[in-house]
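Worksheet: one structure, shown below.
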Amino acid sequence: MLFRSVDVLKEGAGAIYGSDAIAGVVNFVTRKGIHDLEIGGEYGATTHGFDGRHDGVNVLWGGSTDKFDFVLSGSYTKQKAVYAAAREYSKHALYLYSGTAGRFVSAAGSSRVPTGRASLPSGSALKASFGCTNVTRISGTSGTSLADYQCLHGSFNYQPYNLIATPSERGALFTSSSYKITDDIQAYAEVTMNKTHSGWEYAPLPFDATADNVVISAANEYNPFGISFGGVDTTNSNYRTRFVTLGDRRATSDSDTKLINFGLKGALPIGDWKWDLNLGYNREEQTQQIFGYVYSPGLQNEVGPSYMNADGSFRLY
């Protein structure tokens, strides 16, 4: 182990550690005088199918003389993902209902289905024609004709796309050394480096034309209903869907941290006074990429009104 001890102070310790310690301190005390090479590893998995595997390796090496002391430590850990579909308690989206029949939990899903959900106006000829309020595109059709739609039954179970254990990967390197120049003066150096790769993942992006304030124009080439949908400040009916073609909503995050300190310290010939001359360098870089979302203004433009060119093709106004 690299640490000799870990001190936890629940109360404020600003007088000792500075103003950042007013809420408490967690102090990691590193080991000194290490003379051996230590290699350790770990492996683990869940008891449910042995998924969610995590493993790691760590190395510790050190040495010392009357004047010189050094410690070198490195570690690598990796955690694999576990999806909600892998567990009975999380593979379905659960909803709590309360009404005249009492309260009960139902395994249902989202109304934002991949084939879309067009809500037809009450009392309209469209609703009378279909014989239902909500219609959806028949799988495998283009959706540009009313014949491509049927009454909607069912919902979308988004849970299998979600994570209950987030994958991550981390590597770390730490080295510390000191050299006693005289009985009262000591040179020291510390280097800490960390690299972490992690991320998150959710079901494909749901879309709600009303809540997202996007108006699907009645004049759009892909809208066969002859009425507009969506928009916050309108009386239009709603249209919901799920953008499965974009893939899952996900993000990858990479962080790279470097901390370097070196200097001189010693004791003054006045009581218990000490001095410390330190030069430090600290740099943290973070990069995040997010996938599976849409550019709202561009989406509004695509579902706006369009017209036919002379060659029979469509283009947006």
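Given the structure is predicted, the values throughout are model-derived calculations rather than measurements.
Leu163 is not connected to Leu246 by any chain of hydrophobic side-chain contacts under 4.5 Å among Ile, Leu, Val, Met, Phe, Trp and Tyr, and they are in different clusters. Cluster membership check: Leu72 shares its hydrophobic cluster with Val59, using side-chain heavy-atom separations under 4.5 Å among Ile, Leu, Val, Met, Phe, Trp and Tyr. Both Phe225 and Ile216 are assigned to one and the same hydrophobic cluster, defined by single-linkage of ILVMFWY side chains at heavy-atom distances under 4.5 Å. Residues Tyr179 and Trp61 share a hydrophobic cluster, clusters being chains of Ile/Leu/Val/Met/Phe/Trp/Tyr side chains in contact below 4.5 Å. Two different hydrophobic clusters hold Tyr239 and Val244 under the rule that ILVMFWY side chains link at heavy-atom gaps under 4.5 Å.
Here the closest non-hydrogen pair linking Asn213 and Gln300 is O-OE1, 4.0 Å. The two residues Ser237 and Thr210 make their nearest non-hydrogen contact at O-OG1, 4.5 Å. Closest of all the heavy-atom pairs between Tyr202 and Asp248 is O-CB, 3.2 Å. What you find for Gly143 and Tyr149 is that their closest heavy atoms are O-OH, 3.1 Å. Listed here is the closest heavy atom pair of Gly230 and Val215: O-CG2, 3.9 Å. Closest heavy-atom contact between Arg249 and Ala203: NE-O, 2.6 Å.
Note: Arg117 CZ to Asp208 CG = 10.0 Å, rounded to the nearest 0.5 Å. The OG1 atom of Thr257 sits 9.0 Å away from atom CG of Leu259, with the distance rounded to the nearest 0.5 Å. In this structure, Phe262 CZ and Ser177 OG are separated by 11.5 Å, a value rounded to the nearest 0.5 Å. The distance from the CG atom of Leu146 to the OG atom of Ser129 is 7.5 Å, given to the nearest 0.5 Å. Atoms CD and NZ, on Glu169 and Lys195 in that order, are 11.0 Å from each other to the nearest 0.5 Å.
For residues 129-139, no pair satisfies salt bridge (charged side-chain N to carboxylate O under 4.0 Å, His left out), with sequence neighbours left out. Sorted by first then second residue, the disulfide bond (SG atoms under 2.5 Å apart) pairs that include residues 102-214, not counting sequence neighbours, are Cys132-Cys151. Residue pairs meeting the disulfide bond (SG atoms under 2.5 Å apart) criterion with at least one member in residues 37-88, sequence neighbours excluded, do not occur.
Contact check for Pro167 versus Gln79: no side-chain heavy atoms found under the 4.5 Å cut-off. The shortest distance between side-chain heavy atoms of Asp148 and Ile138 does not fall below 4.5 Å. Contact check for Val303 versus Asn223: no side-chain heavy atoms found under the 4.5 Å cut-off. At a threshold of 4.5 Å between non-hydrogen side-chain atoms, the residues Ile227 and Asn236 do not count as touching. Between Asp254 and His197 there is a side-chain heavy-atom pair separated by less than 4.5 Å. Taking the side chain as every heavy atom from C-beta outward, Lys127 and Ser122 approach each other to under 4.5 Å. Counting heavy atoms from C-beta on, the side chains of Ser73 and Leu60 come closer than 4.5 Å. Between Ser228 and Thr234 the shortest side-chain heavy-atom distance does not fall below 4.5 Å.
Under the rule for a ring-ring contact (aromatic ring centres under 6.0 Å, His included), the partners of Phe207 that lie at least two apart in sequence or sit in another chain are Phe243. With sequence neighbours left out, Gln159 forms a side chain to side chain contact (heavy atoms under 4.5 Å, CB included) with Ala84, Ser90, Ala93, Asn157, Asn162. Tyr89 pairs by the ring-ring contact (aromatic ring centres under 6.0 Å, His included) definition with nothing, not counting sequence neighbours. Every residue meeting the side-chain hydrogen bond (donor to acceptor under 3.5 Å, both in side chains) condition with Asn194, not counting sequence neighbours, appears here in chain and number order: Arg170. Remark: Ala45 pairs with Tyr43, Phe50 by the side chain to side chain contact (heavy atoms under 4.5 Å, CB included) rule, at least two apart or across chains.
Hydrophobic side-chain contacts under 4.5 Å tie Tyr97 into a cluster, directly or through other members, with Tyr95, Phe104, Val113, Leu152, Phe156, Tyr158, Tyr161. With a 4.5 Å cut-off between side-chain heavy atoms of Ile, Leu, Val, Met, Phe, Trp and Tyr, the cluster of Tyr76 takes in Val57.
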N/O donor to acceptor pairs below 3.5 angstrom from side-chain atoms of residues 272-282, sequence neighbours left out:
unit_1	atom_1	unit_2	atom_2	d
Asp276	OD1	Tyr188	OH	2.6
Asp276	OD2	Tyr188	OH	3.4
Asn278	ND2	Tyr188	OH	3.1

Only pairs under 3.5 Å count here: list side-chain donor-acceptor contacts from residues 290-299, not counting sequence neighbours, and write none if there are none.
none

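Heavy-atom neighbours of Trp200 CH2 from other residues, nucleotides or ligands within 6.0 Å: above the threshold of 12. Heavy atoms of other residues, nucleotides or ligands lying less than 6.0 angstrom from CZ of Phe70 number more than 12. When the shell of 6.0 Å around NZ of Lys180 is examined, it contains 12 or fewer heavy atoms from other residues, nucleotides or ligands.
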task: Take His54 and Glu42, measure what side-chain contact (heavy atoms from CB on, under 4.5 Å) needs, and give me the verdict at the end.
output: CA-CA 8 Å; His54 65 276; Glu42 63 173 302; 3.8 Å; yes
Test log, rule side-chain contact (heavy atoms from CB on, under 4.5 Å), inputs Thr141 and Gln150: CA-CA 11 Å; Thr141 64; Gln150 63 184 1; over 6 Å; no
task: Determine, stepwise, if the pair Gln286 / Gln288 fulfils side-chain contact (heavy atoms from CB on, under 4.5 Å).
output: CA-CA 7 Å; Gln286 289 187 328; Gln288 187 177 62; over 6 Å; no
message: Determine whether Thr77 and Asn58 satisfy the following criterion, side-chain contact (heavy atoms from CB on, under 4.5 Å), listing intermediate values before the conclusion.
response: CA-CA 9 Å; Thr77 58; Asn58 58 80; over 6 Å; no
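Of the possible polar contacts, one joining the Thr175 side chain to the Val71 backbone as a donor-acceptor pair under 3.5 Å is found. Panel note: side chain Thr46, backbone Gly52; no donor-acceptor pair is recorded below 3.5 Å. Put simply, the side chain of His48 gets close to the backbone of Ala86: a donor and an acceptor are under 3.5 Å apart. Side-chain N or O atoms of Arg242 include one that pairs as donor or acceptor with a backbone N or O of Arg112 at under 3.5 Å.
Between Asp51 and Lys80 there is no salt bridge, since no side-chain nitrogen of the basic residue lies less than 4.0 Å from a carboxylate oxygen of the acidic one.
Between the side chains of Glu302 and Tyr222, not a single donor N or O lies within less than 3.5 Å of an accepting N or O.
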